[in-house]
Amino acid sequence: MRMVLRVSFGTMAAVAAWLGPQPALAQDPALLDRGRYLVEVTGACGNCHTPMGPQGPVPGRALAGGMVFDEPPFRAVASNITPDPETGIGRWTDAQLARAIREGIRPDGSLIGPPMPMTLYRGLSDRDVAAMVAYLRTVPPVANAVERSVYRMPLPPSYGPPVTSVAPPADHPVARGEYLVNAVAHCMECHTPMLPNGQNDRSRLGAGGVEFRGPWGVSVARNLTPHESGLGSWTDAQIIRAVTEGLSANGRPLAPPMAFAAYRNMTQQELGDLIAYLRSLAPQP
Ligand code: HEC
Ligand code: HEC
C-alpha cells in the first residue's frame, strides 16, 4: 500500500517543485473548500492553535499558536501552523505537513506531543489530510515564534506504524458519524475517560468524566452515550443545539473548551451522521 496524497504526481508535482511547496493543491477548489471546512468547522484546529483573548480568538492571529496547556505531565504550547517560513510551517513540504498531522512526526523526526490528538488523527483519510494541507497553505502567514513545549512524562517512540493509506468511511450515516466524531472532530478525546498512561479508555467510549480547567473554572466532559445518565432521553434537536449553540438540554450555557463557535457551521448532513453514531454507542453508566 502507498500513501495516495494527491500531492506527489506528475506535472503538478513538477510545478510545485518549481514554485516552492505552495500552490499544487491550492489549485483544486473542491479540495480547498473541503480543507477549509475540516480545519475551521469540524476539526476546529483553531480551538487550540489560535491564541485566545478575553474576547475569544485574537484578531489577525488565526492558527498562529502560543496557547499554553499547563497540566501536571506537561506544559505544552500550541505550534504556529500558518505558512510563515521562519516561525510556522511555510518551509515544510505537503508530505511533511501531512505526516505531522497524521503521524505526529515533524520533518526533523521529533514527535509532536499531547494534547494534539494524534491517535485520532491517524484515522484521517488520505483525501482529508491532503485537503487540510491545501487549506493551511492559504491562510495568512503570521510571524509568531512560540515557546517550546516541555513534557515531564516520556513521549512514546511513535504513535504507531507509518500511516500508508486511509480510505474514506463507508457511505452510511453511522460510519460517516464515527469518522467525524473520532478522526476529525476528536469529540471522543474529550468525552472518553483517560487511563493513567494518558490514553483514552476505549472500553468506555463516550462515557465522559474528563475535567478541563481554565479561566471558566472546571468543566467536566459529559456522557455522550445513550445511557440515561448520558444522551438517552435527549431529542435530536437538543443534541444539535448543544453541539452548535453550546446549550445543555435544560438551556444551561455550556462552559469551554468545546468548540461550539466552529461546530456552529456544521452541515445538516454531518449533524445527522453525528447523532446516528452517538445513538449507536454502547450505553455507559
Ligand atoms: C487539543 C488541542 C489541539 C488540537 C485540537 C489541534 N492541535 Fe495541533 N498541536 C497542539 C499542540 C499543543 C501542539 C504542539 C505539541 C508539541 O509541542 O509537541 C500541536 C502541534 C501541531 C503541529 C506541529 C507543528 C510544529 O511546528 O511542530 C501541527 C502541524 C499541527 N499541530 C496541526 C494541527 C491541525 C491541522 C489541527 C486540526 C486538524 C490540529 N493541529 C489540532 C494542539 C492541538
Ligand atoms: C476540547 C474538549 C471537547 C471536545 C473536542 C468536545 N467536547 Fe463536548 N463537552 C466538553 C465539555 C467539557 C462539556 C461540558 C461543559 C459543561 O458542562 O459546561 C461538553 C458538553 C457536551 C454536550 C452537552 C452534554 C450535557 O449533558 O450537557 C454535548 C452533547 C457534547 N459535549 C457533544 C460533543 C460532540 C458531539 C463533540 C464533537 C463534535 C464534542 N462534544 C467535542 C468538552 C469537549
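Order of appearance sets the numbers: ligands from 1, and atoms from 1 within every ligand. None of these values were measured; they are calculated from a predicted model. Below, each value reflects all heavy atoms present in this structure, side chains not excepted, and no hydrogens, waters or symmetry copies.
When each atom of ligand 2 is checked for a heavy atom of Phe212 under 4.0 Å away, the hits are 2 (C), 12 (C). Annotation for ligand 2: atoms under 4.0 Å from non-hydrogen atoms of Trp234 are 23 (C), 24 (C), 25 (C), 26 (O), 27 (O). Shown in contact with Val243 at under 4.0 Å from a heavy atom are these atoms of ligand 2, numbered in order with element: 35 (C). Remark: ligand 2 atoms within the under-4.0 Å shell around heavy atoms of Ala221 are 11 (C), 12 (C), 13 (C). Close contacts of ligand 1 with Pro115, meaning ligand atoms under 4.0 Å from a residue heavy atom, involve 1 (C), 2 (C), 12 (C). For ligand 1, the atoms lying closer than 4.0 Å to a non-hydrogen atom of Ala78 are 11 (C), 12 (C). Less than 4.0 angstrom separates some heavy atom of Cys48 from each of these atoms of ligand 1: 1 (C), 2 (C), 3 (C), 4 (C), 5 (C), 42 (C), 43 (C). Atoms of ligand 2 lying under 4.0 Å from any heavy atom of Ala242, numbered from 1 in the order shown and given with element: 29 (C). If you number the atoms of ligand 1 from 1 as listed, the ones under 4.0 Å from a heavy atom of Ile81 come out as 28 (C), 29 (C), 30 (C), 32 (C), 33 (C). Within the listing of ligand 2, atoms 15 (C), 16 (C), 18 (O) sit less than 4.0 angstrom from a heavy atom of Ala255. Atoms of ligand 1 lying under 4.0 Å from at least one heavy atom of Met132, given by number and element, are 38 (C). Numbered from 1 in the order shown, with element, the atoms of ligand 1 that lie under 4.0 Å from a heavy atom of Trp92 read 24 (C), 25 (C), 26 (O), 27 (O). The distance from ligand 2 to the heavy atoms of Leu224 drops below 4.0 Å at these ligand atoms: 28 (C), 29 (C), 30 (C), 32 (C), 33 (C).
With salt bridges taken as basic N to acidic carboxylate O contacts below 4.0 Å, none links Asp201 and Arg204. Contact check on Arg213 versus Glu71 returns no salt bridge, with no Lys/Arg side-chain nitrogen under 4.0 Å from an Asp/Glu carboxylate oxygen.
Residue contact annotation: Cys187 places no N/O/S atom under 2.8 Å from atom 8 (Fe) of ligand 2.
Between Cys190 and ligand 2, a contact under 3.5 Å exists for no N or O pair. Here's the thing with Arg252: one of its N/O atoms is less than 3.5 angstrom from an N/O atom of ligand 2. Ligand 2 has no nitrogen or oxygen under 3.5 angstrom from a nitrogen or oxygen of Asn47. Below 3.5 Å of separation, one finds an N or O of His49 facing an N or O of ligand 1. Ligand 1 has a nitrogen or oxygen under 3.5 angstrom from a nitrogen or oxygen of Arg106. By the 3.5 Å distance cut-off applied to N or O atoms, Ser149 is counted among the residues near ligand 1. Checking only distances, Gly113 does come within under 3.5 Å of ligand 1, N or O to N or O.
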Problem - His227/Ser229 under side chain to side chain donor-acceptor pair (under 3.5 Å): CA gap, chis, key distance, verdict - result: CA-CA 5 Å; His227 191 268; Ser229 60; 2.8 Å; yes
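Tyr121 and Glu103 form no side-chain donor-acceptor contact under 3.5 Å, judged by distance and modelled atom types alone. A donor and an acceptor atom, one from each side chain of Asp126 and Ser165, are located under 3.5 Å apart.
Not a single heavy atom of Val39 sits less than 4.0 Å from an atom of ligand 1. Residue contacts with ligand 1: Val77 is included, with a non-hydrogen atom under 4.0 Å away. Ligand 1 lies within reach of His186, whose nearest heavy atom is under 4.0 Å from it.
Looking at atom 12 (C) of ligand 2, its nearest protein heavy atom turns out to be Ser219 OG, 3.4 Å. Taking atom 15 (C) of ligand 1 as the reference point, the nearest protein heavy-atom neighbour is Tyr151 OH, 3.4 Å. Residue, atom and distance of the protein heavy atom nearest to atom 24 (C) of ligand 2 are Arg222 CG, 3.4 Å. In terms of protein heavy-atom proximity, atom 32 (C) of ligand 1 is nearest to Met116 CE, 3.5 Å. Considering only non-hydrogen protein atoms, atom 22 (C) of ligand 1 sits nearest to Ile112 CD1, 3.8 Å. Annotation: atom 20 (C) of ligand 1 to nearest protein heavy atom, Ser79 OG, 3.2 Å. Ser248 OG, 2.6 Å is the protein heavy atom nearest to atom 27 (O) of ligand 2. In this structure, the protein non-hydrogen atom closest to atom 38 (C) of ligand 1 is Cys45 SG, 2.7 Å. Looking at atom 41 (C) of ligand 1, its nearest protein heavy atom turns out to be Tyr121 OH, 3.2 Å.
When non-hydrogen atoms are compared, ligand 1 lies under 4.0 Å from neither the backbone nor the side chain of Arg148. Of the heavy atoms in Tyr135, none comes closer than 4.0 Å to ligand 1.
The distance from atom CZ of Arg176 to atom CG of Leu274, rounded to the nearest 0.5 Å, is 12.0 Å. Put simply, CH2 on Trp216 and CG on Leu254 are 13.0 Å apart, with the number rounded to the nearest 0.5 Å.
Using a 4.5 Å heavy-atom cutoff, the side chains of Ser219 and Glu211 are not in contact. Two residues are said to be in side-chain contact when any heavy atoms from C-beta on lie closer than 4.5 Å; Asp128 and Tyr179 meet this criterion. Between Phe212 and Met258, the closest side-chain pair of non-hydrogen atoms is not below 4.5 Å. Residues Met67 and Val77 have side chains not in contact (no heavy-atom distance under 4.5 Å, counting atoms from C-beta outward). Put simply, the side chain of Pro73 does not reach to within 4.5 Å of the side chain of Tyr151, judged on heavy atoms. Looking only at side-chain heavy atoms (C-beta outward), Asp94 and Leu97 stay at 4.5 Å or farther from each other.
In the hydrophobic clustering of ILVMFWY residues, with side-chain heavy atoms under 4.5 Å counting as a link, Leu120 and Leu278 come out apart. In the hydrophobic cluster analysis, where Ile, Leu, Val, Met, Phe, Trp and Tyr join through side-chain heavy atoms closer than 4.5 angstrom, Leu63 is grouped apart from Val58. Residues Leu32 and Ile89 share a single hydrophobic cluster, defined by chaining ILVMFWY side chains whose heavy atoms lie under 4.5 Å apart. Leu136 and Val146 fall into different hydrophobic clusters, where Ile, Leu, Val, Met, Phe, Trp and Tyr are joined by side-chain heavy atoms under 4.5 Å apart, directly or via other members. Hydrophobic cluster membership is shared by Met116 and Leu111, with clusters built from Ile, Leu, Val, Met, Phe, Trp and Tyr side chains linked at under 4.5 angstrom.
Computed with atom 8 (Fe) of ligand 2 at the centre, the His191 NE2 to Met258 SD angle is 180°, stated to 10 degrees.
At distances below 3.5 Å, at least one donor-acceptor pair connects side-chain atoms of Asn200 with backbone N or O atoms of Glu189. For the pair Tyr37 (side chain) and Met266 (backbone), a donor-acceptor distance under 3.5 Å is absent.
Of the candidates Val220, Leu180, Leu254, the one placing a heavy atom closest to atom 13 (C) of ligand 2 is Val220.
Under a cut-off of 6.0 angstrom, the local environment of CZ in Arg152 is crowded, with over 12 non-hydrogen atoms contributed by other residues, nucleotides or ligands.
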